[in-house]
Undergrad: 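Pasting in a structure now, in structure tokens, and then I'll have a few things to ask.
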Amino acid sequence: MDGDICATDTATTPPDSDPARKRRVHGMLKLYYGLNEEGKTVDQAESMNPCDINGTHFDPEVYLNKLRRECSLGELMDQESCMVKQIRSLDSDMQTLVYENYNKFISATDTIRKMKNDFKKMEDEMDCLSTNMAAITEFSAHISGTLQDQHAQITKLSGVHTLLRKLQFLFELPARLNKCLELQAYSQAVSSHRRARCVLQQYSHMPSFRGIQDDCHAIMDKLAQELRQKFRDGGSSAEDLSECVELLLQLDEPAEELCDKFLSHAQSRLEANLRGLEAELRPPLSSGPTSVIDPSIGPARRLSAAPTAGSPADPTSPGNPFLSSSSRTDILEFIDRGCNEFVSSLCLVIASYQELFVNRPQEGNLASKDIPHMAIGKLHAFVDALATCYFSLVERRIQEEKSVGDNSLLVRALDRFHRRLQAVAKLLPGSAVPSQGTEIVVRAARERIKQYLAALQSFYLDSLRDVRQALAAPRLGGSSAGGGSHLAGPATGKDAPASLPELLSSLSASILNQIKSVLASVHLFTAKDITFSNKPYFKGEFCSQGVRESLVVNFIKFVCQSSRQFCESAGDRGGSTPPALLLLLSRLCLDYETSTITYILTLTDEQFLVQHHSPVTAVAALCGEARGAAQKLLNHYVKVQGLIISQMLRKSVETRDWVNTIEPRNVRAVMKRVVEDTTSIDVQVGLLYEEGVRKAHSSDSSKRTFSVYSGSRQQTRYAPSYAPSAPMDTNLLSNIHKLFSERIDIFSPVEFNKVGGEGSQSSGSLGPRVGVFKR
């Protein structure tokens, strides 16, 4: 009671009479305004200089004496005026602060007055509260004293009641477990048994507890049997299986056996998903992989047969590489199904397995068995085996993508495939599944490049076949020398065939456009929104070795090699290859050497940001190969045309009996044919090559011979014979003049111009037969 009275007196003491409270309040105000005990701000440095006019230790006498000693009269006057200005400024600032804060001062005064009134009311309430608390304390002490004797008895009774409840729980435990077993409340039954297991084990030496323990063991064995049966049936969901495994682990089932059973059950479900995916695939032997066209096979043999309906060369046939082929399901749907069914189920199995066996807290005897290490090893083997089967199905489906018309579907499917496999990497660190998936994407990209190369090669051969047919078409109307439409006489309307320059331009443009289209399709592999595009392979090797070397460079080499093989046909007449086709391909390869190759490779480097870390084919090497092919084609063209004309001359000379023949009085028909063919070749070469610079003239004897031949004999003896063929006189004289007035080099390299083609053709055909003309 004395303590209560003291507390009451303390509570009723006025606040102003408590010095400790005042100091606390003042300390809080100083802390709020940042002042120290002397009224200065805390962050202001303490100055001990008596001459510091702003310091607390300022001494006016010392300050004045210092000014008298150090300053002159003018400086003293200036110092005085400066101090007067500062005093006036401070007075003005103080007055301004008072005026500006006048309302705040008034408000603070009102607030303080109101607080005093409120504190008085609060003091009355605190006095009342203190009185009530004293009464409550007194009443509580009285009750405690009255019940002190019965407190021990109540505690004892409470303990007995708790013990009876526990005993009641133990005696009712077998019935409770049977009820849970009937209701299939397995988790509740296991929880109840775990609560009583330690007690039953501790008092198992007592007959009553021993009987309860035996009954519980029999019931829990039956429950474990039902859980195992449910686990083996396989008709439960993943959540039910997880619950079964968790309950069996709580019942001290072997963890390794449970791991095997869990993975076996999951494997049956995942294999069902794989069988569904396999049902979407075609039989493995239905189609083989796309092969790149072998340049060793002569293009003349590949182009000899015209395309038939249903053949790969037919634009409407299913074998056309740039047309999409129908399938039961496209690759994007196949990958979606595999990801949504197999990969999602696999991720769910991994998460459930890790939660049950790997990340589960190890308690009691389980802590010494190192279950997580054993479980993670089994999980890796399980995932790797199923992933191998899944990857084989995916690769089979990718191999079915023969069409190269639309590459976006394949790229999107590979992107989704690669993206979904990253979930496996997050759930199972250290697994080889994501890296194997990336390798599949890389192999698919390489195979796609091979398919595009084969498609480009097929397109090039089809284009050559079309050009060959266009060159052969005018011959049906009586064209000579296989030159083109301009030699077949006037052709008007839709039936007018294309000329050599038009065929060359169309062929070159179509090939270039097809290359650009293929590069655009392949560029989808390196798009920014594709997850695997940031892999090192797609940033480096794919661009340099894949696109540039394996696709673009190999196609250019194929064009050059296939063009060279037109020069390797058997027979002196060049086989079945039209000479005009040789001339056109020669010009095509020459254009490639001058500009096209550089343009294509520059476009590839800019589009794919090719970085030449590994050795690549130089532009100069490809240009040299193209120029060599052009030179060989042009030489072969000259050889073929020269052989054709020389054969006519040889037969005309060998089949005539020059001893018994009459004296010739006009130009023989074979010589007219030779001149006409020479003129045709001249026009044909002039369509694709420039004029060039003519070679130096021959010796004076040749000029004089030609002059005598053309000036005396032709005018006196053969002038009347040329009257019927007056339109050919100009061409005839021009070609004869070229033959005898210019130097002829036998077996010299052919230059890439009109003069070189004509001169070399003349040297190959007419040069060895100059004596015939002179006779």
Side-chain angles (χ1 to χ4, degrees), residues 186-191 193-194 197-198 220-221 223-275 338-392 420-439:
Y186 302 128
S187 59
Q188 185 178 354
V190 173
S191 177
H193 182 261
R194 290 189 65 189
R197 183 167 53 182
C198 295
M220 296 311 295
D221 290 341
L223 186 145
Q225 188 65 27
E226 290 187 5
L227 289 176
R228 296 191 197 98
Q229 184 63 33
K230 184 178 179 181
F231 193 80
R232 285 193 295 266
D233 289 344
S236 305
S237 61
E239 292 79 5
D240 294 339
L241 290 176
S242 300
E243 184 181 3
C244 289
V245 172
E246 185 175 1
L247 295 177
L248 289 172
L249 283 175
Q250 293 178 7
L251 293 176
D252 296 334
E253 289 287 322
E256 186 173 358
E257 182 179 350
L258 290 178
C259 289
D260 294 336
K261 289 181 179 179
F262 184 87
L263 294 178
S264 176
H265 172 74
Q267 183 175 2
S268 62
R269 297 174 62 89
L270 292 173
E271 287 179 350
N273 294 333
L274 293 178
R275 286 192 295 271
C339 293
N340 295 333
E341 294 181 1
F342 176 78
V343 179
S344 298
S345 301
L346 182 63
C347 292
L348 182 59
V349 168
I350 294 173
S352 302
Y353 184 88
Q354 289 183 333
E355 183 179 356
L356 293 175
F357 302 105
V358 180
N359 301 328
R360 180 182 179 85
Q362 304 299 315
E363 301 174 356
N365 297 330
L366 298 179
S368 60
K369 296 181 180 179
D370 196 12
I371 294 178
H373 181 73
M374 177 273 299
I376 201 68
K378 289 181 176 293
L379 182 60
H380 274 287
F382 169 79
V383 172
D384 292 343
L386 286 175
T388 302
C389 299
Y390 174 62
F391 290 156
S392 65
R420 294 297 294 271
L421 288 181
Q422 303 311 307
V424 180
K426 294 179 180 179
L427 290 173
L428 191 61
S431 174
V433 171
S435 60
Q436 292 175 358
T438 304
E439 292 176 0

Undergrad: Rounded to the nearest 0.5 Å, what separation is found between the CD atom of Glu226 and the CG atom of Asp221?
TA: 12.0 Å

Undergrad: Locate the shortest heavy-atom distance separating Ala189 from Leu223; write the atom from each residue and the value.
TA: CB-CD1, 3.6 Å

Undergrad: Taking side chain as C-beta onward, heavy atoms only, is Phe391 less than 4.5 Å from Glu439?
TA: no

Undergrad: Decide yes or no on side chain to side chain contact (heavy atoms under 4.5 Å, CB included) for Leu379 and Ile350, but give the supporting numbers first.
TA: CA-CA 8 Å; Leu379 182 60; Ile350 294 173; 4.1 Å; yes

Undergrad: Counting distance only, does the side-chain N/O of Ser344 pair as donor-acceptor with the main-chain N or O of Cys339 below 3.5 Å?
TA: yes

Undergrad: Start with the C-alpha gap between Leu421 and Thr438, add the side-chain angles, then the distance that decides, and say whether side chain to side chain contact (heavy atoms under 4.5 Å, CB included) holds.
TA: CA-CA 9 Å; Leu421 288 181; Thr438 304; over 6 Å; no

Undergrad: What closest approach, in Å, do Cys389 and Leu274 show between heavy atoms, and which atom pair accounts for it?
TA: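 Nearest pair, atom of Cys389 first, then Leu274: CB-CD1, 3.8 Å.
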
Undergrad: Would you give the length of the straight line joining atom CG of Asn340 to atom CZ of Arg420, rounded to the nearest 0.5 angstrom?
TA: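 Reported to 0.5 Å precision, the distance equals 5.5 Å.
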
Undergrad: I need the minimum non-hydrogen distance between Ala351 and Leu427, along with the two atoms involved.
TA: CB-CD2, 4.5 Å

Undergrad: Which heavy atom of Ala375 sits nearest a heavy atom of Tyr353, and at what distance?
TA: O-OH, 2.8 Å

Undergrad: Would you mind reporting whether Leu386 and Glu271 have side-chain heavy atoms less than 4.5 Å apart?
TA: yes

Undergrad: Evaluate the side-chain proximity of Asn273 to Tyr390: yes if any heavy-atom separation is below 4.5 Å, no if none is.
TA: no

Undergrad: Output the distance between atom CG (Asp260) and atom NE2 (His265), rounded to the nearest 0.5 Å.
TA: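 Going from CG on Asp260 over to NE2 on His265, the span is 14.5 Å.
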
Undergrad: Mind checking whether Arg269 and Val349 have side chains closer than 4.5 Å, heavy atoms only?
TA: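 No, too far: nothing below the 4.5 Å cut-off.
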
Undergrad: Do Glu341 and Leu270 come within less than 4.5 Å of each other through their side chains, counting heavy atoms only?
TA: no

Undergrad: Do the non-hydrogen side-chain atoms of Val343 and Leu346 ever get within less than 4.5 Å of each other?
TA: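 The answer is no; the side chains never approach within 4.5 Å.
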
Undergrad: Can you give me the closest heavy-atom contact between Val424 and Cys347, atom names plus distance?
TA: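 Closest heavy-atom pair between Val424 and Cys347: CG2-SG, 3.9 Å.
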
Undergrad: Taking the side chain as everything from C-beta on, heavy atoms only, tell me whether Phe357 gets closer than 4.5 Å to Phe262.
TA: yes

Undergrad: May I ask you to check whether over 12 heavy atoms, not counting those of Gln188, lie within 6.0 Å of atom CD?
TA: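 No - once you tally the heavy atoms of other residues, nucleotides and ligands closer than 6.0 Å, there are 12 at most.
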
Undergrad: Closest approach of Leu247 and Ser187, non-hydrogen atoms and distance?
TA: CD2-CA, 3.6 Å

